[in-house]
Amino acid sequence: MTAALEMRNITKTFPGVKALDNVTFTVRRGEIHALCGENGAGKSTLMKVLSGLYPAGSYEGEILIDGEVKRFQGIKDAEQAGIAIIYQELALAKDLSIAENLFLGKERARYGIINWERVFKESEKWLREVGLTDVSPETPTGQLGIGKQQQVEIAKALSKNASILILDEPTAALTEQEVAILLGILKEFRRRGVTCIYISHKLNEVFEIADTITVLRDGQTVGTYPTRELTEEKVISLMVGRELKELYPRIESRPGDVVLKVDRYSVLHPTIAGRKVVDNVSFELRKGEILGIAGLMGAGRTELVMSLFGSYPGPSEGRVEIDGKPVKIRSTSHAIKEGLALVSEDRKKYGLVLGMDIKNNVTLASLNRVSSWGVIDLNREVASGNEYIRSLRIKANSAETIVGTLSGGNQQKVVLSKWLMTRPKVLILDEPTRGIDVGAKFEIYNIMNELIRQGVSILMVSSELPELLGMSHRIIVISEGKMTGEFRAEEATQEAIMLAATGGLGT
Amino acid sequence: MSAQTEAMPAKASRGASWFKFDARAYTMIGALLSIWVLFSLLHERFLTATNLSNLFLQMSVTSILAIGMVLVIVAGHIDLSVGSLVGLTGGIAAILNVWYDWNTIPVIVVTVAIGAAVGFIQGWIIAYKAVPAFIVTLGGMLVFRGILFGISGSVTIAPLSPSLKSIGQSYTSDPIGWAFGIAGLLLVGFLVLRKRASRLRYGFEVEPLAVSLLRMAVIGVLIIGFVAVMNSYKGIPVPFVMVVVLALLFTFISKNTTFGRQIYAIGGNQEAARLSGINIRRRVLMVFVLCNTLAAIAALVLTARLNAATMNAGQNYELDAIAACVIGGTSLIGGSGTIAGALIGALVMASLDNGMSLMNMESFWQYIVKGGILVLAVYVDIYSRNRRRA
């Protein structure tokens, strides 16, 4: 039986870098094939070659679909050969309806006039295929949750008669339930013989659905294995090329005095009167401690930490004490002065000025530290940039490297540097390792440990339960704005936390 | 933090980079030089001292406007009102001077203060009331022109007192010109060597001394050549001296002050800037105050040069200023752009105007050519940027 897809000896060079080096990648018809590798391993480049984004001739090697050599000149060619990619960042027009999005670029029209009846009828059919039966095709996609938007994207891919479906980090922004729905759809597709390439950092998902796993490292194929022959630990060691003894290097610490005390704290919705996004939450954070905040997406965790940091638009109620003194945070700059720092969940949107270089980003929140009378000492700034490049081991040519060109893990380290430079007492981390690879994650954990040794306190919001359990000393759980559980690290289990997060436990 | 540090980043390729400090700056200077070569081939009077003096005089008003516009665009906004504001503040200056016999100094003070006040009002509506700058300044463009018609009774106001006129019409004497030239030389030498010394003190790599000296020599020759050419006619036009002073001041503000840095951060990523504790509203307000204050200064120069305030003075100048910024590499998305680039952009625009007028080309051609160059400049920039990325 010929393979559905075969990529043979693909080599792709950029000026100065060999992004892909003789990569071979074979996918059997009807299987779910996971592609794993650290950021920068070449997964995205390989998929760009496959999707025709890099046209034939710009790389070496050949692509065979059903045993037939293909030379794609552009994305259209690849689509015609049945290849459809769903990117991490969804590409839907948010103000257009589901139906309009489904047929974007191939409107069902005669003489340029759209036949809406036909559009809606066909839309319903494709939506049924992906199990999206409870919404009307006329709904604007912007009103759907991320999970449903993803289903629309998949329906869109199917409507182009895709025979090979590629999903690039599809679950990065999904809640647990949405992930379950998505994986269900993919399993159903497999039954029907659709071939699927699944790119993800989340190994538990990979192991749940993939039949075969190919691991890439540094632009080369490490190997292709049936899933049953592998374990998560084995995949990680293949990806990083070394054994990571411990995934979560938690250190014990003897927590000191209470640094941050939050008492009956509520946050109101900025526009909907009377709605509380955070409702009556109380906790204490001690010196040198990591307090994890668990919960489902949309539970109010981000709103809680944004509000504490003075950067949430809605008003808040309740009492906040820092070092025993009551404070009322009025603005973000006030929060920084009081010793708070927030590494937000979306580093590209909230954390970095991508067009600026490393040193400018590092000093952005503490310009007063490198300036006098409003004049920046540019040399001291470079020195600060270099200091953090060294201490956090940011991989870059110099402090003048533009951060937009760095990998996700290094970008996250730049954001961390920016906040460490403000010398915070309390460092709030919102999804600190989202979208970064295993090696960089481990380094971030080490940085966190070093900080608590230095007496910084960390408040960590995370949707990855293993990470929360592995790194935190205590964990609180938020569900629909309310606190529904508090655990010491030793007594917490994934099951107990999930139960509390879904509202099963009251306090 | 972890003790073992990686060796400091690759130092290869550094050697070659001393000379390519900014590829796009070279592109712009190259474009400017080719325009000059073209015009000097087409017309023998283009590269004469008289004409070059005119050229630098002509670029002054657009340059001063462009300096302020760079900050506005970098912050992610736009100001369509500066043309009308030049008309209005120039009109006010002329009314005070001609009708009310005010002396030059009070006229200057009041005119500049009005510019700042207008900037405060526009900036306040934009920053604190969140009305888009495009709308606020489009409204301002109409309102200011209307006020000008109203207060002046739609007549031309002239002639100005000799001392006010001198802002736009006088030249530095030869010795003063040379003094400026030498001051410029010393400044360049001081800055280059100080930067070198302090990089050494912080233990950074420095370029070879020969490269520093060569760089100083090239800039020095340009400065001396400029002064010599200007002095062989009447001297350096005073408006151009103002342009240089303002350009140095605002380059310093944009590159070396926290305010300038924060403007670039706001334009680059407003949310990240906000979460870094930057007071965005206050900064944006200040940007408009600066931009409109510069518009008032430009108005003084223009009115003095024409020795009159007219009804349509400054019309479409906002577009010239924006074009100068864009040709000079300022991104309309915000976050990047330089004062030096905008000045080169202004010089390109002024050279085109000047050269085509010299050749007696009909004015319709001038519009078409300038429009075409604007689009071409941005196209070349986007094209080369994409190529660099690939």
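We use all heavy atoms of the structure for the numbers below, so side chains are in, but hydrogens, waters and symmetry mates are not. Below, chain A is the first sequence line, B the second, and so on; all start at residue 1.
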Please report the closest heavy-atom contact between [X] and [Y], naming both atoms and the distance.
| X | Y | result |
| --- | --- | --- |
| A/Ser333 | B/Gly277 | CB-O, 3.3 Å |
| A/Lys349 | B/Glu271 | O-CB, 3.4 Å |
| A/Gly351 | B/Ala272 | C-CB, 3.8 Å |

For [X], look at atom [atom1] and say whether over 12 heavy atoms of other residues, nucleotides or ligands are found less than 6.0 Å away.
| X | atom1 | result |
| --- | --- | --- |
| B/Ile333 | CD1 | no |
| B/Tyr128 | OH | yes |
| B/Lys195 | NZ | no |
| A/Arg369 | CZ | yes |

ask   = Would you say B/Asn269's side chain and A/Lys348's backbone share a donor-acceptor pair under 3.5 angstrom?
value =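 Side chain of B/Asn269 to backbone of A/Lys348, a donor-acceptor pair under 3.5 Å: yes, one is there.
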ask   = Hey, does the side chain of B/Asn256 reach the backbone of A/Val375 with a donor-acceptor pair shorter than 3.5 angstrom?
value =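 No, because the side chain of B/Asn256 does not come within donor-acceptor range (under 3.5 Å) of the backbone of A/Val375.
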Distance (rounded to the nearest 0.5 Å) between [X] [atom1] and [Y] [atom2]:
| X | Y | atom1 | atom2 | result |
| --- | --- | --- | --- | --- |
| A/Leu378 | B/Lys255 | CG | NZ | 9.5 Å |
| A/Lys418 | B/Leu275 | NZ | CG | 7.0 Å |
| B/Ser276 | A/Tyr350 | OG | OH | 13.5 Å |
| B/Tyr264 | A/Leu364 | OH | CG | 14.5 Å |

task = For each of B/Ala265, B/Gly335, B/Gly267, tally heavy-atom pairs with chain A at distances under 4.5 Å, and name the one with the top tally.
result =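 That would be B/Ala265.
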State, with a plain yes or no, whether a side-chain heavy atom of [X] is found less than 4.5 Å away from one of [Y].
| X | Y | value |
| --- | --- | --- |
| A/Thr332 | B/Ile278 | no |
| B/Arg261 | A/Glu381 | yes |
| B/Thr257 | A/Trp373 | no |

Does any heavy atom of chain B fall under 4.5 Å from the side chain of [X], the backbone, both, or neither of them?
| X | result |
| --- | --- |
| A/Thr422 | neither |
| A/Val370 | neither |
| A/Phe309 | side chain |
| A/Asp377 | side chain |
| A/Arg453 | neither |
| A/Ser371 | side chain |

Find the one option among [options] whose heavy-atom pairs under 4.5 Å with chain B are most numerous.
| options | answer |
| --- | --- |
| A/Ser311, A/Ala383, A/Ala341, A/Gly355 | A/Ala383 |
| A/Val382, A/Asn360, A/Asp346 | A/Asn360 |
| A/His334, A/Met306, A/Arg380 | A/Arg380 |

ask   = So B/Thr258 and A/Asn368, side chain to side chain contact (heavy atoms under 4.5 Å, CB included) or not? Walk me through it.
value = CA-CA 8 Å; B/Thr258 53; A/Asn368 55 351; over 6 Å; no
